[in-house]
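First comes the structure, then the notes that go with it.
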Amino acid sequence: MKNYLLRIIMLLSTVGFLYNCSHDKGFEGTWDYETNDDHGIIELMRNGNSYTGQMISFQKGTKTLENLKSENNTLSAAIAPSGNVLLLNRDFKGEKLTGHILVKDTKVQFTATRASEEYSPLNKPEVNYILSDSDLADYEKDIDHQGFIKDIDKSSLKRGARVFNSNCINCHGTPEMEGSIPLSTKFWEQSFKFGNDPYAMYKTITKGSGSMPPQITLTPQEKYDVILYIREKFVRPTNSEQYFKVSSGYLAQLPEGASRGPAVKPYHPWSDMDYGNFFMNTYELADAETGPERFHSAGPPPYPDENYLKNNFAYKGIAVRLDEGSGGISNGKAWMIFDHDLMRVAGGWTGEGFIDWKGILLNDQHETYPRTIGKLHFETPVSPAWANPANGSFADPRFKARDGRRFGPLPKKWAHYEGIYHHENSTIISYTVGNAHVLEQLGMEKMESQTIFTRTLNISPSATALKMRIAPEGTKVAIKGKGASLKNSQGFVVLEVQKEKSANIKLFITEAGADGLDQFVAKAVAPQSLTKYTKGGDPHYPQELITTIVKGKDEGPFAVDQLTPPFDNPWKSRMKLSGIDFMNDANTAVACTTDGDVWTITGLTDDSETLKWKRIGSGLFQPLGIKVVKEKIYVICRDQIVRLQDLNEDGETDFYENFNNDHQVTDHFHEFAMGLQTDRQGNFYYAKSGRHAREALVPQHGTLLKVSKDGSRTDIIATGFRAANGVCINPDGSFIVTDQQGFWNPMNRVNWIEGQNKFYGNMWGYNPPKDTTRTTMQPPMVWIDMEFDRSPSELLWVNSKKWGPLNGSLLSFSYGFGKVQLVLHEKVNGQRQAGVIDLPGIKFLSGVMRGRFNQADGNLYACGMSAWGTSQMIKGGEFYRLRYTGQPLSTPLSLSAEKDGVILTFSATLDIDSLEDLTNFEVQTWNLVRSSKYGSKRYNTKALKISEIMMFEDGRTIKLVLPEIEPVDVMTIAYKIKDVQGNVFEGKIQNTIHNLKEATRSL
């Protein structure tokens, strides 16, 4: 027996020896690998007794394997640059590897099989392409398809997401949102019509087939980027049968050309957009070569104030393009900025590129602001340009902040900005100085290679003499026209206008050292009258863009219709919708975008399947709300409330009228002006955010503001907000304002504001109470945890009989998570308190900012956008219609906290049997600590025992009896019950309890 076993062992050893000698390649070769979250190819090359290799991930790119060591059937390596350790073992035949990747202290299981050297022919479906090979660009004949697929990495996936969301999503949709063309493949659940391997997908995108048009604007890199995104985002997770596994054998069959096609253009949507020939923003004027370095204070919050006294900021800057050409201000070569706080021209510059685009709503950067780039030819200091008509003084009387800077507009009796006339390519700025009316046009002329900046001014007679500082002495300035003269005074070139005399003049400004200016001016054309530009001209944006309405499915209580914005538009507007309202004809809405556009949208209620979009305005400063009053459109911007005036009734804005510009604007990125509402008397309201991680500089930081119905006055209603995203006016005239978690804000909060001059908690607001405890602040109606809503925006009362049991209820929009919540509010002992719960089945592709009910069809229209502070980044902007279908509603309609429990009322009659199991409910509570730290941890977390569930006679109302109930910052109530029809109701409420009612005795 022993001899027999010995012979078997010797035979097996011989077989193994012969196999290893004649067939074994060791670890050398190509291996197809897979982990729980990754897959790709490992290539190992043997060099004597050592190995070299690389790991090609189809999600994460190519990484080098370092320190490869082999011993018997074990291989180890370090994955560069992460340093994670790869440890592998071969099976007996050497055709399979098993092991793990050690990521810190976690083992990620790893398997690989040796790639076959035999080429298996591709399954090529017969496809009738729209384009033939001869129709394609020449570079398509020699594309390196192998190389593209092998070189994919994380940046490819990111770029692919951008391409999909810009080019593909409207037709194909997503699992959450139906696409606009039903025949388009749903990658997450359907079979591919024209081949599912990357190369076949590339040919489909390139040549087009069926209803899929050729994507001729995409580069080869962009095509493979979006192919990667589709495969990894949609196909692999939920449609695995359609996921083609890329192998080395597959790659070997692909064309290995020499071309990668044209380079992908940098994705700079902020600078690619055509804003028109003017664009309002906060700008710092600085020469690219000699200007000061950018600097921002650092350290633990609150960050100290910078010394910006010598920096030239135009806080309410109107930048105007001066040279001719298409593409708007971002495509220009010469510009000037008019500061409408101070009625000054802040400076003029030239160059390749307008500004550096640094800003939260431009290129998404925080703690910064746009700055000019190029050559700054001249500039003026941050002080009044015109002397006070009453006394001839240039002394700045405006509010002086802690850091020594002054903010806000000049007194109206001194000077007042009236607006902009936009006539063809001309931008005419209208303002007053004393009782004189001024029209001004900024321009540019060329004196050989020298740039001459011009200012044409029409000035009506004044009761007093007028003086204006044009530029510092040393700047060359000349004048042409009648009614004014130049002189040097106190270090400036000054324009003087005699009292009761009109002036029609043109100023010519250039750098010191320029020769021949006087001769140039002598030959120049006399200044023109600017009144011809104040009557309205031809439309700047005559195009009417058509988009498709994608109807949502009526499968739950709410259907969401996608009212597709025109993302593919001639001006490359990003369509980040930030406000909507309706005209008297409710078939037409108006909408604004954060990039400064205003659009009309028609086709909402006429039962058509399309919408017509028309751009009627542009160039505004961060619009974040819009309101229609008596058919006039008002837009809340960071620098002013603008009233749009169509002077010749062609459907486009001719005059951007300043309705109110009392806004105190600083350079800080965070001080948004949010929402716009009117009360029954016609007064306007908006909220202004405070500075992030900094103490307030001006009284308006972190406030609710009231503007009188005629625009003449602004008053502060409430203070102490950090980031108040919008305003809701309640039926009784009180207000609701949300706020965001942050410093001195332990959690997101919804504030019900009654009365005036109350403080709402942000100790870094302007002039806060000295007492930092909760006793000095107004408590919120409800605290909202970041897991429940990352960023609440504006609230809205339901005013529609079509919404059945929800008519009269209160809604909260979620910018953070792209959803809508129902607010269950009550008033106990004079204090407001509430709970919030998600409306079921609503999930948007962007954050939701604003909403309005359309009184013609009774539906809710909501607009949204994606930027900083939201998890919903699929679409840059969106427009939606929400319809209540009448199907069973699983959310409670009311909540009441009592001394022995919580009462919930539903819209449907409940199944009493489902209430007998107390485990169908779960109640937790915790408290917060308010401090200068960002947010708060959960303190004193408890699970409350439910001793009994009681049902009231109406069959819809239940009481959770909670013996341990007490006032608390946060309570969550999770439930899973049924109604008498067998419908399952499941949800979670989050609420705040300030006071408890007396217990209800009657059932």
Side-chain angles (χ1 to χ4, degrees), residues 276 278 280 340 412 416-423 428-432 533-537 539-541 577-593 596-602 604-605 612-663 673-686 705-714 726-727 729 850-856 861 863:
F278 70 87
M280 303 185 195
H340 73 78
K412 292 182 176 66
H416 182 60
Y417 166 68
E418 293 186 325
I420 291 175
Y421 292 96
H422 194 198
H423 185 284
I428 310 299
I429 301 167
S430 175
Y431 58 96
T432 59
Y533 297 117
T534 64
K535 312 298 183 184
H540 298 87
Y541 315 117
L577 300 178
S578 54
I580 59 165
D581 203 1
F582 301 102
M583 305 300 289
N584 283 347
D585 176 5
N587 190 47
T588 300
V590 291
C592 57
T593 76
D597 281 355
V598 182
W599 298 74
T600 57
I601 312 160
T602 57
L604 301 175
T605 62
K612 296 177 181 178
W613 297 70
K614 190 175 190 307
R615 194 190 201 195
I616 65 167
S618 62
L620 301 180
F621 190 175
Q622 293 181 3
L624 289 167
I626 194 167
K627 183 68 177 175
V628 177
V629 179
K630 297 180 180 179
E631 290 295 90
K632 292 293 184 182
I633 302 169
Y634 296 76
V635 184
I636 179 64
C637 304
R638 182 162 156 163
D639 61 335
Q640 61 183 310
I641 298 176
V642 180
R643 180 161 55 191
L644 306 185
Q645 300 281 15
D646 178 3
L647 302 177
N648 57 3
E649 298 184 354
D650 63 356
E652 187 175 302
T653 302
D654 301 298
F655 184 47
Y656 296 82
E657 180 187 2
N658 166 31
F659 179 73
N660 176 277
N661 71 330
D662 293 337
H663 303 45
M674 301 277 217
L676 190 61
Q677 308 289 356
T678 54
D679 62 18
R680 293 175 181 173
Q681 292 73 41
N683 302 302
F684 292 79
Y685 298 86
Y686 69 96
L705 295 160
K706 173 185 177 181
V707 176
S708 60
K709 64 183 296 184
D710 63 357
S712 64
R713 177 185 174 91
T714 299
V727 181
I729 299 182
R850 311 283 178 251
R852 308 271 194 200
F853 275 92
N854 189 317
Q855 294 307 305
Y861 290 76
C863 70

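The first residue in the sequence is number 1, and the count goes up from there. Computed from heavy atoms alone, side chains included, the values below leave out hydrogens, waters and symmetry copies.
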For [X], which residues count as a side-chain hydrogen bond (donor to acceptor under 3.5 Å, both in side chains) partner, sequence neighbours excluded?
X      : value
Thr593 : none
Asn660 : Asp662, Thr714
Tyr634 : Arg643
Glu652 : His540

- [ ] Under the ring-ring contact (aromatic ring centres under 6.0 Å, His included) rule, collect the residues that match up with Tyr861, sequence neighbours excluded.
- [x] Phe582
- [ ] Quick one: list whatever passes ring-ring contact (aromatic ring centres under 6.0 Å, His included) with His416, sequence neighbours left out.
- [x] none
Only counting residues at least two apart or in another chain, list the ones meeting side chain to side chain contact (heavy atoms under 4.5 Å, CB included) with [X].
X      : result
Ser708 : Asn683, Asp710, Ser712, Arg713
Asp585 : Asn587, Thr588
Asn648 : Asp646, Asp650, Asp654

Task: Enclosure of Glu649 CD (heavy-atom neighbours >12, cutoff 6.0 Å) - done: no
Task: Heavy-atom neighbours of Lys412 NZ exceed 12 at 6.0 Å - done: yes
TODO: Check the pair Leu676 / Arg850 against side chain to side chain contact (heavy atoms under 4.5 Å, CB included), numbers first and verdict last.
DONE: CA-CA 10 Å; Leu676 190 61; Arg850 311 283 178 251; over 6 Å; no
Open item on the list: Given 3.5 Å as the limit, does a donor-acceptor pair link the side chain of Tyr656 with the main chain of Ser618, or not?
Closed with: yes
Open item on the list: Can a donor-acceptor pair be found, under 3.5 Å and without considering hydrogens, that links the side chain of Asn854 to the backbone of Ala586?
Closed with: yes
TODO: Write down the atom of Phe655, the atom of Glu418, and the distance for their closest heavy-atom approach.
DONE: CZ-O, 3.6 Å
Task: Minimum heavy-atom distance between Cys637 and Leu620, given as atom pair plus value - done: SG-CB, 3.8 Å
Open item on the list: Could you measure the distance from the CG atom of Asp639 to the CG atom of Asn658? Nearest 0.5 Å is fine.
Closed with: 8.0 Å
Task: CH2-CD1 distance between Trp599 and Ile616, expressed to the nearest 0.5 angstrom - done: 10.5 Å
Task: side chain to side chain contact (heavy atoms under 4.5 Å, CB included) assessment of Thr600 paired with Met583 - done: CA-CA 9 Å; Thr600 57; Met583 305 300 289; 6.0 Å; no
Open item on the list: What verdict does the side chain to side chain contact (heavy atoms under 4.5 Å, CB included) test give for Glu657 and Gln640, after you've listed the backbone C-alpha separation in whole Å, the side-chain angles of each residue and the deciding distance to 0.1 Å?
Closed with: CA-CA 10 Å; Glu657 180 187 2; Gln640 61 183 310; over 6 Å; no
- [ ] With sequence neighbours left out, write down each residue that passes salt bridge (Lys or Arg N to Asp or Glu O under 4.0 Å) with Asp597, or none if nothing qualifies.
- [x] Arg615
In a table with atom names and distances, give each donor-acceptor pair under 3.5 Å that connects a side chain of residues 621-633 to protein atoms at least two apart or in another chain.
{"unit_1": "Glu631", "atom_1": "OE1", "unit_2": "Asn584", "atom_2": "N", "d": "2.7"}
{"unit_1": "Glu631", "atom_1": "OE1", "unit_2": "Asn584", "atom_2": "ND2", "d": "3.3"}
{"unit_1": "Lys632", "atom_1": "NZ", "unit_2": "Gln645", "atom_2": "OE1", "d": "2.7"}

Open item on the list: Between Tyr431 and Tyr417 (judged by ring centroids, cut-off 6.0 Å), do the two rings come close enough to count as a pair?
Closed with: no
